[in-house]
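Computed from heavy atoms alone, side chains included, the values below leave out hydrogens, waters and symmetry copies. Chain letters run A, B, ... following the sequence lines, proteins first and then strands; every chain starts at 1.
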Amino acid sequence: MSSALVPPLGPAEIPSSVRTSERLRSVMQAAGMLPVLVLLAVGFHFFGGHRFLSGQNLSIVAQQAAINVVLSAGMTFVILTGGIDLSVGSTLAFSAMGGLMVSLVPGLGWLAIPACLGAGLLIGLLNGSLVAGLKIPPFIVTLGTLTAVRGLARLMGEDRTIFNPSLSYAWIGNDGIPVTSTLVIPWLAVIALVVIVACWFVLRRTVLGVHIYAVGGNPAAARLAGINVPAVLMFVYALSGLLAGLGGVMSSARLYAANGLQLGQSYELDAIAAVILGGTSFVGGIGSVWGTLVGGLMIAVLSNGLILIGVSDIWQFIIKGLVIIIAVALDRFRQPAART
Amino acid sequence: MAADGAAPAMSAEHARPVLEMFGISKSFPGVKALQNVQLAAYAGEVLALMGENGAGKSTLMKILSGAYVADPGGEIRIDGQPVKLGNPAAARAAGIAIIYQELALAPNLTVAENIHLGSELGRAGLIDRVAMNEACRPLLERLGTPFRPQTLVATLSVAEQQLVEIARALYRRAHILVLDEPTTALSARETDRLFALIRQLRAEGIALIYISHRMAEIDELADRVAVLRDGTYVGMLEKQEISSASIVRMMVGRDLSGFYVKQRGVRPVFGPPVLEVDGLTDGARVQPSSFTLHRGEVLGIAGLVGAGRTELARLIFGADPHPSGRIRLDGKTIEIRSPREALDAGIAYLTEDRKALGLFLDMSCAGNINMGVIGRDAHGGVLDNRRGRSRASGAFSMLKVRAASTLVSVGGLSGGNQQKVLLGRLLETGPKVLILDEPTRGVDIGAKSEIYRLIGDLAAKGLGIIVISSEMAEIVGICDRVLVMREGVITGEVGGPDRPDITQEAIMAYAAGVAA
């Protein structure tokens with residue numbers, strides 16, 4: 001019987017010891033970097049003169065984290081499909097420039113936010129059609145748009161800072177929901193949280209979300225399962241662009257100004273770092289937007305905390321870089337068969 | 001034909017074999033891939049090694065190349081001396097070289113650099129390209145190669161790259177050369193040139209072991225033919241005994257048990273045509289092909305690996321574009337441009353490579369089962385996960401999937417259970433036509449018989465089922481009618497009205513191209 005030649009591929013029943021460790025690992029996976037985040041926060045609190053965990057400082061941390069969290073949320077979608085979007089920093093600058101220019105046109109101030117979002121969406125659609133339509137590798141496409149869109153942003157303002165002291169939507173960047181007389185929840189943080197919840201909903205509770213995980217997990221199988229792979233790719237790049245546009249709204253609102261050269265420089269790297277810290281697999285198919293939120297908060301906590309305990313700017317860079325590498329190394333340890 | 005277990009006959013011109021393998025067995029967990037196999041090869045001969053897919057040829061050659069270690073008890077002798085071939089380096093040192101179908105060259109390096117790969121000439125870590133070029137030039141001239149040592153391998157044709165591999169083997173003083181289906185990717189003229197080289201090497205005293213499915217090549221080249229079947233050594237044919245008929249008989253000669261669902265001798269009554277394929281071609285690997293599948297029929301597509309069976313199935317399923325040809329489903333011509341359109345029309349396809357092209361290994365069984373129909377679980381885009389879970393439970397009990405729950409990830413299951421999960425996904429789409437490509441590959445025997453029973457049940461419910469399989473016994477055992485493909489063409493049909501009965505001999509004859 002030739003069937004006897006076929007090697008069996010493992011027992012049908014999983015031994016209980018394996019299952020226990022599997023369960024432990026899934027708990028650790030769900031918790032992710034959260035324990036590290038808590039540890040960092042507590043550490044900074046005690047080594048930074050008990051200032052870190054004050055309501056006021058936490059509200060500052062939330063504000064600092066907000067823009068990166070929004071960009072990283074979009075980046076999570078892209079990385080879940082096995083791609084990358086390097087253009088988000090430039091797109092943020094481009095859309096902020098567009099928004100501010102529109103805000104300065106008398107009578108059209110209300111169009112500023114739609115202009116920001118539209119500009120971001122436009123770049124995202126461009127990335128998406130190059131990746132999904134022409135099948136150019138995402139790294140190359142978005143490396144190109146990273147550079148070209150940065151140039152566009154500079155061109156728009158003739159390489160000068162555009163300033164609007166009476167920006168109609170500046171409240172987004174500077175106000176918040178008062179909780180007590182000293183504690184205010186910044187609108188920026190609220191927006192970031194809403195984005196995270198919406199992204200979680202799309203990823204976990206919609207057909208589109210399942211298709212995103214499928215495309216990232218096995219694109220060939222996804223196609224044979226009847227999934228419209230190009231449409232899924234188009235969506236994730238468009239969403240990443242749209243959220244970069246939202247980032248443009250948030251940062252211009254905060255600054256009353258935009259500068260095509262400086263705004264959003266290397267934001268894409270922080271966004272990628274947040275996604276990776278959040279445990280999303282770099283080859284796609286595995287990850288969650290909650291992890292990304294934790295990753296984004298870790299980066300903000302590090303920045304803020306290192307300043308509080310008086311670490312110099314130069315050492316902040318070195319430490320942040322090392323933390324990213326160590327965190328991902330821990331992650332590999334956590335999931336032995338990790339595909340990061 | 002020599003009887004089982006008999007030592008190969010010694011001809012006068014062969015003094016003693018350069019290679020002898022005795023009592024070679026190889027077990028994988030729970031399975032014997034080779035059982036007490038023997039083989040002997042003489043200097044200056046071409047020994048053909050034949051057998052069906054899965055007969056154990058590759059396992060035996062992997063033992064010879066040191067990629068696998070044989071079970072204790074056997075012995076391998078080179079020039080009469082026992083050797084241990086525990087790793088590829090030992091096999092190389094013993095003078096054994098294997099040219100695989102997939103060539104193992106670095107395309108970005110030159111011919112000379114490839115020939116010297118791993119043993120570069122030079123001094124103090126500095127490479128001496130001139131010396132390397134000069135060192136292999138005489139050999140290349142002797143082989144009559146059309147390229148120079150400094151030619152970049154990427155610029156060479158497949159046939160020329162094969163020459164580079166042969167040159168590398170000879171440069172390292174190999175005197176036992178194994179060629180694994182070397183003509184698969186060659187044109188007729190390239191094949192002729194390769195044969196001339198093989199004859200030259202034979203005259204120079206190299207022992208050549210030649211693996212091929214093509215009878216014509218065996219007729220032309222082989223001095224002797226060794227046949228394996230189901231991991232055992234069947235026998236040896238001497239030059240004057242070699243004939244296609246005798247080889248086919250030795251390769252397939254086995255009895256069929258009651259393992260298969262279909263009752264032989266009872267010709268079932270089929271419904272109307274459900275799928276009609278007319279002149280379908282991809283313009284390359286599948287020549288215009290036409291056939292009809294009826295409701296309730298299990299239609300086999302047999303043929304050797306590379307005959308174009310999977311390619312034809314992918315055309316029907318819309319996985320690859322077809323520049324011409326028509327597909328009719330239930331009498332209506334339909335246009336299929338993507339797998340989605342095929343699934344929507346009612347055609348489902350089980351891939352032969354479930355891990356690479358079928359499953360999402362990181363996802364749960366439920367996620368995998370629901371993937372094709374997940375749109376049905378949504379209200380206004382929002383998923384109702386309970387419906388998916390209950391559908392998955394239903395599929396689990398219908399297909400008897402053995403797993404802790406529908407929520408465990410499919411990557412941890414056995415091959416048989418993985419295959420059932422994938423089948424579950426297809427069946428949930430409610431197909432009228434089911435195309436199963438190697439449905440029992442890598443599946444344990446229990447799951448295998450369950451899959452056969454499932455195929456029978458589905459056909460009884462009126463589905464049209466196409467089974468592509470390289471396992472002869474399976475094709476003969478479960479199919480009502482069989483198409484045989486060879487080199488992209490449907491060359492024969494057995495089992496239909498006014499056709500020969502379904503026998504392994506009839507199928508093999510069409511598949512190997514010996515029947516008109």
Smallest heavy-atom separation, B:M371 atom then A:A225 atom, equals CG-CB, 4.1 Å

So, the part of B:L359 with a heavy atom under 4.5 Å from chain A: the answer is backbone

Find the one option among A:A214, A:A222, A:P219 whose heavy-atom pairs under 4.5 Å with chain B are most numerous.
A:A214

In Å and rounded to the nearest 0.5 Å, what is the CZ to CG distance from B:R340 to A:L224?
12.0 Å

For a quick test of reading the model, state the closest non-hydrogen atom pair linking A:N218 to B:L357 and the distance between them.
ND2-N, 4.2 Å

Give me the atom names and distance for the closest heavy-atom approach of A:A221 to B:G358.
CB-O, 3.3 Å

Of the listed residues (A:V202, A:V207, A:L208), which shares the most heavy-atom pairs with chain B below a 4.5 Å separation?
A:V207

Chain A contact via B:I374 - side chain, backbone, both or neither, heavy atoms under 4.5 Å:
both

Heavy-atom contact with chain A under 4.5 Å, split by part of B:A356:
backbone

Could you tell me whether the side chain of A:R223 and the main chain of B:A319 form a donor-acceptor pair under 3.5 Å?
yes

A:F201 versus chain B, the contacting section by heavy-atom distance below 4.5 Å:
side chain

